[in-house]
Trainee: 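Here it is, the structure, as structure tokens.
This chain uses plain numbering: 1 for the first residue, then up along the sequence. Side chains are part of it too, since the values below use all heavy atoms of this structure and drop only hydrogens, waters and symmetry mates.
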Amino acid sequence: MTDPHTPVLEARGLERRFRDGRLDVAVLSGVNFVLHPGDQTAIIGASGSGKSTLLHLLGGLDRPTAGEVRLLGTDWTRMSEARRGHLRNQHLGFVYQFHHLLPELTAAENVALPLLIRRIGSRKAREEAQHWLGQVDLAHRLDHKPAELSGGERQRVAIARALVTRPSAILADEPTGNLDQERAAQVFELLRAMNRSTGTALALVTHDVTLARELDQSVELVKGHLKQSSLAAASPAPQA
Ligand SMILES: Nc1ncnc2c1ncn2[C@@H]1O[C@H](COP(=O)(O)OP(=O)(O)O)[C@@H](O)[C@H]1O
Ligand SMILES: [Mg+2]
């Protein structure tokens, strides 16, 4: 059993440098970040500030130049790709700006896929997929393919797919960036509702300050450093 107080994700002294021709550019320097069970945290910052880079490091999709990332207390930065892939499938769900659904599969098949990868039987995987598509109000779209769904519906399928493994955290990179304002608000509300109802921690990258303000906490990337954002201070004091 995992201790309920162990952070889902904890990054210490993260540094990520990229070689750009002869230039060695530090995109992140000395970044510390903690996501506890059930947290909802926005990661904001200007375009190119390193938000996606940070999320990739947190999700074990990339390795830091220095520093470590702990997933449920285990440093997984130096593990093999296969082991990281296994941990990722066990504990994390991902939602991106573009849905990354497989076009040939139906909504239910797309959502069931992470379970099939875990070798869960196809009937059980289908049942779970139906359950999570119901949770995102798409019970009537099980057998639709991505091309037969609207942009907002596709993102909701992607959210169901991220939740189907009952992960400890969802890492979302600009999940509403490709939607109009109304759909963006709906998808954003859905992610928050799922965080509340399932206790799945949410780390959400966005450049939309209005959305970020709605979350419990926000941090901001500025010149490679991560700071507590000033959004909370700028919002009105809570009503007594
Ligand atoms: N694989 C890579 N190789 C070289 N430079 C990269 C790579 N990935 C990201 N960068 C650089 O890192 C910086 C931050 O990128 P990114 O994390 O995508 O920013 P954001 O998501 O905040 O817009 C950018 O200057 C980008 O060009
Ligand atoms: Mg990005």
Trainee: What's the spacing between L204 CG and Q40 CD if we round to 0.5 Å?
Mentor: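 The CD atom of Q40 is 9.5 Å from CG of L204, to the nearest 0.5 Å.
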Trainee: Does the side chain of F188 come within less than 4.5 Å of E214's, by heavy atoms?
Mentor: yes
Trainee: Check for me, please, whether L61 and V95 land in the same ILVMFWY cluster - side-chain distances under 4.5 Å, paths through other members count.
Mentor: no
Trainee: Where do L55 and I43 land on the side-chain contact (heavy atoms from CB on, under 4.5 Å) test, with the steps shown first?
Mentor: CA-CA 9 Å; L55 215 65; I43 300 170; 4.2 Å; yes
Trainee: Looking at every heavy atom in both A129 and A108, which two are closest together, and how far apart are they?
Mentor: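 Nearest pair, atom of A129 first, then A108: CB-O, 3.4 Å.
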Trainee: Measuring from atom CG of L202 to atom CD1 of I170, what distance do you get when rounded to the nearest 0.5 angstrom?
Mentor: 7.0 Å
Trainee: Any link between L113 and L133 through a network of hydrophobic side chains (Ile, Leu, Val, Met, Phe, Trp, Tyr) touching at under 4.5 Å?
Mentor: no
Trainee: For H36, does the NE2 atom have more than 12 heavy-atom neighbours from other residues, nucleotides or ligands under 6.0 Å away?
Mentor: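 Counting other residues, nucleotides and ligands, NE2 of H36 exceeds 12 neighbours.
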Trainee: Below 4.5 Å, heavy atoms only, C-beta onward: do M194 and W132 meet side chain to side chain?
Mentor: yes
Trainee: What is the minimum heavy-atom distance between P37 and P7, and which atoms define it?
Mentor: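 Smallest heavy-atom distance, with atoms named: CD-CA, 4.3 Å.
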Trainee: Looking at E81, I'd like to know if its CD atom is crowded, meaning that more than 12 non-hydrogen atoms belonging to other residues, nucleotides or ligands lie closer than 6.0 Å.
Mentor: yes
Trainee: Knowing that exactly one of V69, L58, L57 qualifies, which makes a side-chain contact (heavy atoms from CB on, under 4.5 Å) with F33?
Mentor: L58
Trainee: Taking C-beta and beyond as the side chain, do Q90 and T165 meet within less than 4.5 Å on heavy atoms?
Mentor: no
Trainee: Under the side-chain contact (heavy atoms from CB on, under 4.5 Å) criterion, do L105 and K145 qualify, and how do the steps go?
Mentor: CA-CA 6 Å; L105 301 186; K145 292 188 173 167; over 6 Å; no
Trainee: Mind checking whether Y96 and F94 have parallel, tilted or perpendicular rings, split at 30° and 60°?
Mentor: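 Rings of Y96 and F94: parallel, under 30°.
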Trainee: In Å and rounded to the nearest 0.5 Å, what is the CZ to CG distance from R192 to L190?
Mentor: 11.5 Å
Trainee: Regarding S52 and D173, do their side chains bring together a donor and an acceptor under 3.5 Å, going by distance alone?
Mentor: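 Indeed, the side chains of S52 and D173 share at least one donor-acceptor pair under 3.5 Å.
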Trainee: Minimum heavy-atom separation for T6 and G73, please, with both atom names.
Mentor: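 Scanning both residues, the minimum pair turns out to be CG2-N, 3.6 Å.
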Trainee: So which of H56, R84, R16 actually passes side-chain contact (heavy atoms from CB on, under 4.5 Å) with R63?
Mentor: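 Going through the options one by one, the only one that passes is R84.
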Trainee: Looking at side-chain heavy atoms only, is the closest gap between V27 and R17 below 4.5 Å?
Mentor: no
Trainee: Any chain of hydrophobic side-chain contacts (each under 4.5 Å) joining V34 to L215?
Mentor: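 Cluster IDs for V34 and L215 differ.
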Trainee: Tell me if a side-chain donor or acceptor on K51 pairs with a main-chain N or O of A46 at a distance below 3.5 Å.
Mentor: yes
Trainee: How long is the straight-line distance from OG1 of T65 back to CG of L28, given to the nearest 0.5 Å?
Mentor: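 Answer for the CG-OG1 pair, L28 versus T65, is 8.5 Å.
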Trainee: Is it true that, when you exclude R123 itself, more than 12 heavy atoms of the residues, nucleotides or ligands shown sit nearer than 6.0 Å to its CZ?
Mentor: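 Atom CZ in R123 is not crowded, with 12 or fewer foreign heavy atoms closer than 6.0 Å.
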Trainee: What's the shortest heavy-atom distance between L92 and G59, and which atoms?
Mentor: CD1-CA, 3.9 Å
Trainee: Look up atom OG in S229 and atom CG in L221, then write down how far apart they are to the nearest 0.5 Å.
Mentor: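 Those atoms lie 11.0 Å apart.
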Trainee: Tell me whether L9 is reachable from V219 by hopping between hydrophobic residues (I, L, V, M, F, W, Y) whose side-chain heavy atoms are closer than 4.5 Å.
Mentor: yes
Trainee: Stepwise, does the side-chain contact (heavy atoms from CB on, under 4.5 Å) test hold for I44 with H207?
Mentor: CA-CA 5 Å; I44 60 174; H207 61 257; over 6 Å; no
Trainee: Taking E128 first and then R126, would you say they form a salt bridge - that is, a charged N and a carboxylate O separated by under 4.0 Å?
Mentor: no
Trainee: Working note: N178 + Q97, criterion side-chain hydrogen bond (donor to acceptor under 3.5 Å, both in side chains); need CA distance, chi angles, decisive distance, verdict.
Mentor: CA-CA 6 Å; N178 197 32; Q97 180 173 356; 4.8 Å; no
Trainee: Supply the atom-to-atom distance S218 OG to L211 CG, rounded to the nearest 0.5 angstrom.
Mentor: 11.5 Å
Trainee: Carefully, step by step, assess H225 and V31 under the rule side-chain contact (heavy atoms from CB on, under 4.5 Å).
Mentor: CA-CA 6 Å; H225 297 280; V31 166; 5.8 Å; no
Trainee: Search all heavy atoms of R83 against all heavy atoms of M79 and return the closest pair with its distance.
Mentor: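 Heavy-atom minimum between the residues: CG-SD, 3.5 Å.
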Trainee: Between R156 and E153, is there a salt bridge with N-O shorter than 4.0 Å?
Mentor: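 R156 and E153: not salt-bridged.
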Trainee: Taking 4.0 angstrom as the limit, do D75 and R70 come out as a salt bridge?
Mentor: no
Trainee: If every non-hydrogen atom of P146 is compared with every non-hydrogen atom of P103, which pair is closest and at what distance?
Mentor: CD-O, 3.7 Å
Trainee: Consider only side-chain heavy atoms of I, L, V, M, F, W and Y, link residues closer than 4.5 Å, and tell whether L54 and V8 are in one cluster.
Mentor: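 Yes; tracing contacts between hydrophobic side chains, which count when under 4.5 Å, links both residues.
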